[in-house]
Every structure is written in C-alpha cells, then in structure tokens.
Amino acid sequence: MARINLTVDGASVSDDVEPRMLLVQYLREKLGKTGTVIGCDTSNCGACTVHLDGTSVKSCNVLAVQAEGCEVTTIEGLADTVDTDLHQVQESFRECHGLQCGFCTPGMIMQSVDLLKENPHPSEEEIRLGLEGNLCRCTGYHNIVKAVQHAATAAGGAR
Amino acid sequence: MTTLQDPPVESSPEIGRERRRKEDQRLITGRTRWTDNIVLPGMLHLAMVRSPFAHARITSIDTTEAKASRNVVTVLTGADLGESQGTLINAWAITTDQVTPAHPPMPSDRVSFAGEIVAVVVARTAAEARDAAELVDVEYDELPAAIDLKAAAAADSTSGVLAHPDLGTNKSAFWKFDSAEAGTGGDVDAAIEKARGDGIVIEREYRQQRLIPAFMEPRSTVVDPTGEQITMWSATQIPHILRFALAATTGVPESKIRVIAPDVGGGFGGKLQTTPEEWLTFCIANRLGKPVKYTETRSESLMVAHHGRDQWQKLTMSAEKDGTVTGLKVELLADLGSHVSLVGGGVPVLGAFMFNAIYKFPAYQFNCQTVLTNKTWTDAYRGAGRPEATFAIERLMTELAAELDVDPIEIRRKNWITHEEFPFMSVAGLEYDTGNYEAATDKALEMFGYDDLRAEQQRRRESGDPIQLGIGVSTFTEMCGLAPSRVLGQLNYGAGGWEHAAVRMLATGKVEVVTGASAHGQGHETAFSQIVADRLGVPFEDVEVLHGDTQTSPRGLDTYGSRSLVVGGEALVRAADKVIEKAKPIAAHLLEASVDDIEFAEGRLSVRGTDQGVAITEVAAAVFAAHDYPEGIEPSIDSEATYDPVNFNYPHGTHLCAMEVDTETGGVKIRKYVCVDDIGTIINPMIVAGQVHGGLVQGIAQALWEEAVYDDAGTLVSGSFVDYLLPTAADTLSFDVDHTSSPSTTNTLGTKGVGEAGTIASTPAVVNAVVDAIRHFGVDDVTMPCTPERVWKAIHSRGAGGEAATEGAAAPHFDAAEGTEGAGA
Amino acid sequence: MIPAEFDYLAPTSVEEVIAALAEHGDDAKILAGGQSLLPVLRMRLNAPEVVIDLGRIEALRGVRDDGDAIVIGAMTPHSVVGGDPLVAEHALLITKAVEHLADAQVRHRGTFGGALAHADPAGDLGAPALALGAQFVIAGAGGTRTVEADDFFVDLFETAIEDGEVLTEVRIPKHTGWGARYEKFVRVAHQWPIVAIAATVRAEGGTIAEARVGMTNMGSTPLRARAVEAALTGQPATEDAVRAAAAQAADGANPPSDLNGDADYRRHLATVLTRRAVLSAAGA
C-alpha cells in the first residue's frame with residue numbers, strides 16, 4: 001500500500017492504495033466518483049478522460065500513485081454546483097444532442113473542454129482531430145462536433 | 001396511394017418539437033446509474049477463466065492454488081454447478097427440426113469457442129478474483145475446430161470438421177421462402193431460365209463480414225439475493241425477457257425475480273441476449289447468499305459478447321434487357337457460431353422479407369442455411385438481417401445498372417413501387433402501407449447536387465486524376481416495429497411482439513408513464529413524455545417516464561427492431577386515450593352534465609357548447625380524494641394498454657454517398673453524404689437526427705472499417721480496439737439529413753421506426769460509391785470492409801481485393817518487451 | 001482489467017533509478033509516461049515485480065539548446081515537445097510527427113524518451129529520430145554513454161539500452177531551416193500507422209540539397225531510406241524526380257503483414273508516401 005494525497009474536484013483526499021490501482025479505479029471505487037467510466041483496456045476509447053493538473057489524460061492509463069500531489073478534475077467537478085451553473089460544454093452537449101446513451105459523454109466532455117482551452121476557436125477539422133482519442137458508438141460524432149462548435153461560439157472563447 | 005404530409009402535425013404542440021432530452025442532466029454531470037457503479041454490502045466479485053481454444057475437451061481443472069489465493073471465497077467449475085446453473089435458451093427455432101446444441105452457461109466437458117467460460121473465481125475484490133483466475137490450471141485436449149463458414153457448411157459426419165461432433169452435422173436449419181409456393185409471385189427458376197435466353201442474368205456472391213456490436217458500456221451484472229426477491233441489475237436491452245428466461249430455466253419462480261436495467265450504455269442488438277455471465281452471476285449469488293458482481297473487460301466483451309452479420313450471399317437476378325427485373329433468387333449461408341443464441345437463427349430470416357426491398361419483382365425465392373462453427377455465437381446487430389438483405393439488393397441493382405450502362409437511379413425508378421400503388425403486397429408477402437420513393441429520391445438528388453458530381457466524376461476519369469470520385473446510391477426500405485404476434489407465431493418465434501404501457505394520473509397533477517420498452521440511449525423519456533403531454537394536454541415537464549425495471553414495469557417486451565416508438569408508443573397512446581375515456585363520466589358528474597356532452601381537448605374535459613369544464617388533472621385529484629364520484633365506477637382514471645401491432649411498418653429513404661478514392665494508396669474518403677428518410681410522423685426531430693447520424697456511421701463502418709477476424713485456430717485476432725477498428729470523429733463527416741413524410745397508416749400517430757434505418761441504408765451506399773469510383777479499372781466489387789489494401793489490389797488486379805489482408809496476426813503494439821527498456825511511451 | 005501486483009518506486013534522481021535497476025534487475029520495469037506500459041500491465045501481458053516511475057525526476061524533463069543540437073529530456077511529454085519553439089525551429093520533423101502521434105490525452109501523458117525506448121516499429125518517433133541522426137544518452141552504473149540513432153533500434157521492442165540502464169535524453173542535431181513532413185497512413189485516426197514516412201529536406205531554390213528519410217512500420221525497427229536520400233541529393237524538387245527516387249524506398253525493407261495490409265502493399269505504400277512526404281518537405 002502507498003499513501004497518496006491529492007485534490008479531486010476541489011476536495012483534498014488522502015488514501016492508502018495498492019500501487020497497481022489505476023486512477024480511474026481510485027476515482028470510482030475509493031471516492032465513489034462513478035461519473036468517470038471504464039470503456040476499454042487499451043486506452044483507445046477515452047471514456048475515462050479526466051483532467052490531471054489541468055490537462056486531459058485517460059485515467060485508465062495513469063496509476064493512482066502517479067497522481068500523488070496532483071489536482072484531478074472529473075466530470076463531476078466540472079459544474080460549479082450539481083444542478084445549475086453547468087459548464088458551457090455540458091450545456092452545449094445537451095443543446096446539440098451530443099449524447100445518446102451517455103457512456104462516452106464524460107470523456108467526450110472533458111476532452112472537449114481541454115480542446116477548447118487550447119484552441120478556443122477550432123475549425124470542424126480541428127475539433128474532429130482533437131477528439132480522435134474518444135470513441136462514441138451512438139451519435140456518429142455529428143452532434144458532438146456541433147456541440148463543441150456551439151460551446152466555442154457561446155463561450156466566445158472566454159471560458 | 002401515398003401522399004406526403006408536411007410535418008409537424010397541426011395543433012400538436014409537442015409532436016414534432018425539438019425538446020431537449022430529459023435524460024441528459026444526469027448524463028452530462030456524471031450522476032449516472034451504470035450497473036458497474038453498484039456497490040452493495042459484502043458484495044463479491046467474479047472473474048471468468050476462459051478457454052483459449054476454439055474447440056477442446058476439458059481434461060482437468062485444478063483450482064487448488066486459486067482457492068488459496070488471497071481473499072478468494074471459492075472457485076467453481078461447470079462440474080461444481082451442474083444443472084443448478086440453468087441453461088441458455090434459443091427463443092426462435094426457425095424450423096421444427098432445427099439442430100440446436102445444448103447451451104450450458106459453463107460447460108464441464110467440452111468448449112466450443114475461444115472465450116467460453118470453464119471456471120469462475122469468486123473473491124472479495126475484482127482484482128483479487130483476477131489474480132486467482134490466473135492460477136486456475138485447466139488442461140485441454142484440443143480438437144479440430146470448424147472455423148470457415150463454407151467449409152463448415154460442407155462438412156458432415158464423414159468428412160470435414162464438426163463444431164459439435166455429437167450432433168453429426170454443422171447444419172442447424174434450412175429455411176426457404178418461394179413466391180410461387182406462397183402464391184405471392186411467380187417461379188423464380190423459370191424467370192432466370194427465360195432471362196438466360198432473352199434477357200440478362202446478374203450473378204454475384206457477397207460476403208457479409210462478421211461484426212461486433214461494440215456498445216461503449218461493457219456488460220455488467222449485479223445480483224442481490226438478500227431481499228424477498230432476487231434482484232438482478234444488468235446492462236441489458238431486455239429486462240423482461242431476461243426475467244422470463246431466468247425463471248424458465250433455473251426453476252426460480254418468476255415472481256421471485258426482479259430485473260433492473262439501469263442506465264445502459266448502448267446496445268445495438270448486442271445487449272439483446274441472455275448471457276452465460278448473467279446466468280452464472282445469478283446462480284453463484286444464490287448459492288452463496290451474497291450480492292455478486294461481474295463486469296467484463298473490453299477484451300472479454302469483444303471476444304464473447306455476441307457478434308453480428310457473418311453471411312455468404314449467393315444472388316441471382318434476372319431482368320429484361322430494358323432493366324425490368326423479373327426474378328431474384330437468394331441462397332444464404334449464415335454463421336451461427338458455436339450455439340443458436342436467443343434469436344440468432346432468426347436474424348437471417350428477418351432479412352428474408354426484405355431482399356425484394358422497394359421493388360416490384362414478380363418472382364422471388366429465399367433459401368437460408370444456418371451453420372454451426374467454433375466461433376463466438378452471432379445474433380442481432382443493428383438491423384439484424386435487414387442490412388444484409390439491403391446490401392445485397394442495392395449492390396445488385398447497381399450492378400444491373402452497370403451491366404446495362406444506365407444510371408443507377410434510373411434502374412431503380414424502373415423497378416420500384418410508385419406512390420400510387422400503395423398499399424402494396426410485396427412478393428415476399430408483406431403489405432407495405434405507405435411510401436413515396438420518388439419524393440425521397442428527388443429531394444436527395446437535389447440536396448446532393450447529383451448532376452454536378454457526375455460531371456466532376458467524368459472529368460476526373462478523363463484526366464486520369466489519382467483521386468477518383470464515386471457516387472453510391474441506396475434506396476432502401478425496411479420492416480420494423482417488431483412485431484405482430486401472430487406473424488411471430490407463424491415464424492415459430494417463442495414470444496409475442498406486443499408492448500405494454502400504463503398511465504398513472506397522480507393526485508398532484510403529475511403523470512407517471514410506465515413503458516415496457518427499455519431504453520439504452522434512445523431518448524424514450526423525452527419522446528414518450530412528448531406523446532403523453534400531447535395526448536393528455538399536460539405540460540411536458542409534468543410527465544415522468546418509468547422503465548427498465550420489472551417491478552415498476554411488470555409487462556413488456558423491451559427494445560429492439562425499431563419497435564419502441566411504433567409499438568411501445570402506440571400502447572402509450574392507447575393507455576392515454578383510456579385515461580380520457582375513464583375521466584369523462586367523472587367529469588360529467590362533477591360538471592352535472594351528461595357524459596355524452598363531454599368532450600376532451602388540450603387537457604380539459606368540457607361540456608359541449610359551454611365554457612364549463614375541468615382539467616384532466618383536476619379529475620385525477622377528484623378521484624384521489626374520492627369524496628364525490630359517480631356510482632358504479634372505480635375511483636381511478638389510471639389506465640393500461642397492451643398493443644399488438646397489426647403489421648410491421650416500412651420506413652424508407654434514399655441515401656447518396658460521394659466517395660473519393662486515392663488510386664495510389666487505395667485510401668477512401670467520404671466527401672459528401674446525403675440522406676432523405678421517410679419515417680412518417682416525427683415526434684422529436686432532434687432525436688431522430690441523432691438516430692440517423694449514429695446509424696449511418698455504424699453502417700459506414702461495416703463498409704469501410706470493421707471486421708471480426710479469426711485465425712485458422714479460431715482465435716479472435718481483432719480482439720481489442722487496437723484491431724477492431726471503430727471510427728473516430730476524425731474519420732467521419734457531418735451529414736446532410738432530411739426527411740419526407742408519408743405517415744404510416746398502421747398506428748395512430750403515423751410513426752415509423754428509425755433506429756436501424758441509417759445502418760441498413762448506408763453500407764451499400766458506401767460500397768456502391770467505392771466501386772463506382774474505380775469501376776473503369778474493371779472492378780465490379782470490393783469485399784467489405786473496403787480497406788485501402790483491398791481497394792488498391794482491386795484496382796490493380798481487377799478483382800474484389802478480397803484475398804488481401806485479414807490474414808495474419810494483429811500488430812503487437814502491446815507485446816511486452818523483455819528487460820527494462822520497454823518504458824511506457 | 002487490473003494489473004498484477006507490483007511494488008512501486010518513485011526515485012527523484014537518475015542515480016536512484018540506476019541503483020534500483022541494479023537491485024531488482026529483470027524483475028523491474030521502468031514507467032515513463034505509461035501510455036504503452038499500462039495497457040500491457042492491465043492485460044497482464046507482463047507482470048513485473050517492481051515498477052520504477054521516472055515521473056518524479058524533474059531533471060529528465062524539458063527541451064534545451066546545446067549549440068549544434070537540441071536536447072530533449074526523456075520524460076518530456078509529447079505535448080510539450082510538439083509545442084516547443086526550439087524543436088520547431090531546429091527539428092521540424094519531430095514537431096510534425098508529434099502533431100498526430102496517438103491522441104491528445106496520450107500526448108499529454110506519454111513521453112519522448114518512453115516512446116523511443118518502447119521501440120514499437122509502428123511508433124511515430126523512431127523514423128524521425130533516425131532521419132535526424134538523433135543521439136541517445138543512456139545512463140548506467142558506469143556513467144553515461146551516447147548511442148547513435150543507427151545503433152539504437154535493435155529489433156522489435158528492443159533497443160541498445162542494456163539491463164541496468166536508462167535513457168535520459170535525446171540529442172538532435174540541428175536541422176535549422178529544413179522543411180519537414182510526416183506522412184502517416186492509417187485507416188482510422190486512433191491507429192498506429194500502417195506505414196509512415198518521415199522526410200526532412202534542405203532545399204536550395206528548387207533543388208533538394210540534402211534529404212533525410214525515415215520509415216515507420218516497414219520492418220522490425222524504424223528504417224532509414226538511404227538509397228532514396230542519395231538519389232534525391234541534387235535533384236530538382238519535382239514530381240518526376242522525386243517519384244524516381246522514392247521508387248527505391250522499400251528496397252531491402254522487410255515490412256510486416258497484418259490485418260491492415262500485407263508486406264507487398266506496405267512496400268508499395270512506402271514509395272507513394274515517400275514521394276508525397278519529400279515533395280511536401282521540399283515545399284514543392
């Protein structure tokens with residue numbers, strides 16, 4: 001067991017974990033942050049995407065012990081409150097029907113937030129390339145791309 | 001005759017409205033209820049030990065070391081569980097003499113596909129269960145495996161390899177439809193013979209490659225036996241069928257089983273199954289008296305969750321020299337895999353009625369042989385039988401056009417049913433209620449800029465441009481809304497096709513709607529709320545839709561076959577109408593009027609010709625108090641309805657694909673995709689568009705990217721997302737989607753199914769486009785998936801490029817390097 | 001799936017890493033960014049007893065100017081390398097190759113040295129490193145040594161890094177002003193390349209003064225297309241001239257056959273992609 005101390009969605013947490021525990025398992029099993037999900041075992045699908053010290057990572061491809069001292073933001077920490085003050089990208093995914101079953105959605109939204117942070121005014125092609133690490137089986141990506149465009153426009157690149 | 005209708009329907013504020021989805025709030029904030037999220041006190045975890053061999057006798061299983069591993073509760077084998085594990089069922093024996101292998105969840109003597117479970121570890125954590133699973137020592141005596149479909153079909157007890165030697169054959173069932181015998185058309189062999197003399201005969205063989213549904217949420221099951229009932233949560237499309245089958249095969253009374261499908265992350269037919277994992281979790285939880293969870297990994301999911309398609313299609317079409325088709329003969333081989341799964345044998349039969357598609361063929365014959373092999377069993381995948389049929393006919397019509405050197409649109413116009421001819425009895429014996437193929441096609445051609453693209457194609461050909469342009473056409477129809485129960489009975493299906501709904505009028509003015517359909521991404525909560533809000537004249541926000549739990553929704557037949565709206569939605573309409581009828585005498589009593597004078601509109605029951613009336617929600621409150629209501633009736637306006645459809649319904653559409661083919665590399669890129677679908681009345685255009693987009697990409701993916709590949713030993717080579725290629729956003733494009741509307745006449749709202757349309761239509765559109773781009777190189781087919789290698793080889797060998805690729809191993813990117821230098825990338 | 005159990009070490013200096021390697025030998029595995037290692041561990045294709053995480057060693061991160069070369073620390077994430085102005089100015093081919101390496105999340109986490117040390121012949125960095133004549137600085141118990149790119153890649157997943165050693169940094173000779181193109185051919189975006197060509201060209205007017213060409217996934221290691229380079233030297237940057245030179249790209253290569261294409265198809269692809277990459281790199 002190794003002791004880790006980190007910040008998750010704004011709260012300081014401290015736990016003893018097995019070194020083999022993946023960050024996504026830590027989030028789900030230790031912290032109950034089941035909003036972040038596991039979709040594959042080869043890091044292709046991106047459903048587990050969270051922000052680690054401000055940039056997107058696949059939390060199935062990071063050990064919990066590697067997150068020692070880091071700041072983690074999950075889909076559950078993106079909105080300011082639970083039901084209101086959603087992040088613009090969350091609003092845009094709803095507005096543009098950028099989700100169906102919703103399983104890939106946490107990862108899609110977290111990656112879209114990262115994408116817009118690095119490029120507030122992306123072209124359609126830049127959006128599509130920026131999401132190449134996230135698989136969706138329901139939407140055909142059409143409305144996901146629209147949602148990111150919507151968020152970029154709505155935010156005016158500010159958020 | 002079918003006439004077009006302009007949506008949305010008049011005076012219906014909710015029908016046709018782009019309501020944002022009720023489901024989304026929790027999904028976009030991560031407050032979801034996936035089965036794998038569930039944690040119960042004392043819950044134990046399972047890990048499966050799976051056979052690495054496609055076909056082998058189990059000679060011994062040593063669990064000693066595994067049982068001694070840390071925090072292991074027990075390790076169980078097929079011999080340990082015996083009959084207590086129950087059995088998996090085939091609900092659709094397509095013939096009375098179908099050969100159906102026994103299907104124990106965990107066999108004790110012989111495995112018949114790679115990935116079959118041979119032992120189960122139960123431990124306190126999933127990691128510890130996996131640790132111990134590595135320690136289970138299984139010895140096998142490997143047997144020859146039947147892998148290739150054609151070889152398996154040709155084998156018998158004297159030669160070749162049998163998937164189940166004790167059965168003496170690999171042939172499971174032979175199913176035939178002949179229009180001359182059925183009285184729905186002429187003799188196809190005579191038509192072909194005649195065409196060989198004075199017409200044209202097109203003969204082709206197409207491969208429907210094996211696909212994996214690859215829903216994003218891996219399957220998961222939790223069973224809690226600690227309450228009065230045994231509760232199973234499962235990532236399933238079919239909680240009701242699952243409950244029935246568990247009861248029917250384990251001996252546990254149905255009334256003691258509650259099945260819940262919480263948030264379910266996609267299905268596409270892949271979760272239309274009863275699985276060994278569910279049966280074992282159920283059995284072991286009951287045996288131990290503790291809650292038990294099993295969640296599969298993606299690798300397991302790709303390997304053992306049922307696959308789809310996998311057919312060889314031999315097709316013979318006869319036509320007159322002017323392009324009028326005179327007959328179509330279909331001979332299918334369908335790969336069942338190792339077992340006849342829940343409805344697996346019936347999937348090709350669902351296609352039997354659709355090879356004739358939108359056309360007026362005078363003679364038709366369909367022959368299908370289902371075949372057992374030592375591969376993962378197959379079953380429904382989005383479209384289930386109909387994509388295969390549509391692919392075949394839309395490829396054939398295009399080939400006929402090419403043979404006659406006419407435009408592929410023109411050959412279709414010549415043969416399709418015109419809108420004046422509806423209702424139309426098809427040569428396969430179905431009555432198409434409505435359709436307008438001309439209107440959808442005209443609209444699609446205009447949106448596509450068909451003539452301009454044809455001109456560009458010509459320029460590129462003439463200049464020898466390395467980038468060639470192809471145009472693919474697909475004018476499809478499908479039968480959906482499964483299904484009229486009597487028809488299912490005639491087909492020997494093991495259940496009905498009705499759906500059930502209940503509407504509960506709460507005293508506070510809110511409305512609870514219970515549906516037997518079970519959503520997994522479709523947006524039922526939103527669309528059904530719209531229907532009920534519209535029907536009862538109550539606010540959309542006041543309607544709550546309950547589903548996916550056999551306790552709240554005790555009657556239902558779940559979600560597949562584009563049935564939720566057209567069958568489940570109609571049940572809802574009828575239940576709502578019953579509410580209104582029940583409310584009328586109470587309203588009359590409250591208003592001191594005659595019930596004959598009560599009329600209902602926009603949520604109010606009024607006395608005809610006066611301004612007196614009560615809201616239906618007020619009637620609900622009145623019967624809750626029950627202080628003042630008429631004698632002789634019950635104090636409730638809650639209502640239920642079970643609706644059994646009288647017919648399928650028949651959405652159709654015209655899909656056009658412009659494809660750029662890089663002739664130097666064989667690389668393909670879709671430049672433009674237009675589709676105009678006629679799905680009748682649209683409840684929520686936003687949700688419909690989403691269904692179309694997603695369906696399109698799944699169909700395009702069959703054409704271009706996806707294939708489940710086995711090696712000769714029966715190991716799934718494309719066993720991870722590294723090798724089973726799902727497209728990303730970067731590989732796809734934005735679509736031009738529009739609609740025409742000829743409302744169905746078989747349900748109140750005029751709706752038709754939409755869930756499978758995009759998938760069914762797009763695959764042939766894309767392959768037709770690829771072939772069209774390179775036809776001038778002498779190419780008349782490219783085997784799916786149309787990989788760059790196949791396309792390139794087709795150009796350079798004038799073949800289908802079919803022998804290329806798919807041989808050999810997956811690339812070993814995750815092979816473990818020895819030593820210490822293999823640090824992570 | 002969950003990795004088998006292991007002990008975890010997070011040294012803060014290279015010396016500690018070498019000491020740990022000496023102590024644990026074959027039982028230890030180095031964790032850099034983990035983007036290939038963790039899937040291996042999760043699928044239990046490998047089960048080391050000890051994992052040595054380089055993530056706490058700040059000295060291994062960053063890009064610096066070192067006269068006639070730039071130096072990239074082994075633990076520098078791809079996203080940092082891809083956005084680094086020094087790299088873009090002096091080794092544009094690296095910038096181009098990193099741009100579409102894996103996906104954004106993997107680029108945030110995966111490291112330059114980790115990817116090279118993993119030595120997947122389909123990895124995107126080997127061919128550019130070869131083409132640019134990179135030098136690999138490897139630390140061991142006996143101090144550090146430098147290995148030339150031509151000697152670094154030994155076989156499939158095998159490099160010149162010996163037991164007990166660790167890759168610390170990669171020196172890339174400056175190719176200031178050279179044009180560059182990484183021509184990557186995939187079926188879907190999240191794939192490893194079926195074949196990719198890394199080309200960098202110093203053009204003078206319309207003439208190719210010098211060219212360097214590396215090939216991804218054309219054998220058990222990244223390869224350098226020396227015959228193509230020689231044939232290009234002094235040629236005009238025209239379609240025909242480059243086509244003729246590129247025709248030799250696959251000479252002597254022994255590419256794999258897999259689900260995405262057989263060896264012959266890969267040989268053909270190499271010639272097409274080489275022509276395209278060189279023409280683009282030459283600004284033609």
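Every chain is numbered from 1, with letters handed out A, B, ... down the list of sequences.
- For a residue to count as touching a neighbouring chain, one of its non-hydrogen atoms must lie under 4.5 Å from one of that chain's; by this rule Lys33(A) does not touch chain B.
- Within a 6.0 Å radius of CZ in Arg124(B), no more than 12 heavy atoms belonging to other residues, nucleotides or ligands are found.
- Proximity to chain A (any heavy atom under 4.5 Å) is shown, for Val39(B), by neither the backbone nor the side chain.
- Taken to the nearest 0.5 Å, the CD1 atom of Ile682(B) stands 9.5 Å off from the CG atom of Asn684(B).
- The ring of His655(B) has its center closer than 6.0 angstrom to the ring center of Tyr673(B).
- Atom CD of Glu125(A) sits in a sparse spot, with 12 or fewer heavy atoms from other residues, nucleotides or ligands closer than 6.0 Å.
- By number of non-hydrogen pairs under 4.5 angstrom with chain A, the leading residue of His520(B), Arg33(B), Glu18(B), Glu706(B) is Glu706(B).
- No part of Gln25(A) comes within reach of chain B, as not one of its non-hydrogen atoms sits under 4.5 angstrom from that chain.
- When heavy atoms are compared at a cutoff of 4.5 Å, Ala127(B) approaches chain A by way of both its backbone and its side chain.
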Next item on the list: Check step by step if side chain to side chain donor-acceptor pair (under 3.5 Å) holds for Glu756(B) and Ser562(B).
Entry: CA-CA 6 Å; Glu756(B) 296 161 297; Ser562(B) 302; 2.6 Å; yes
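- Neither the backbone nor the side chain of Ile127(A) has a heavy atom closer than 4.5 Å to any heavy atom of chain B.
- Heavy atoms of Ile687(B) lying under 4.5 Å from chain A belong to its backbone as well as its side chain.
- Heavy atoms closer than 4.5 Å to chain A are found nowhere in Leu696(B), neither backbone nor side chain.
- Figure legend: Arg19(B) and Phe540(B) shown as a cation-pi pair, the cationic atom lying under 6.0 angstrom from the six-membered ring centre and within 45 degrees of its axis.
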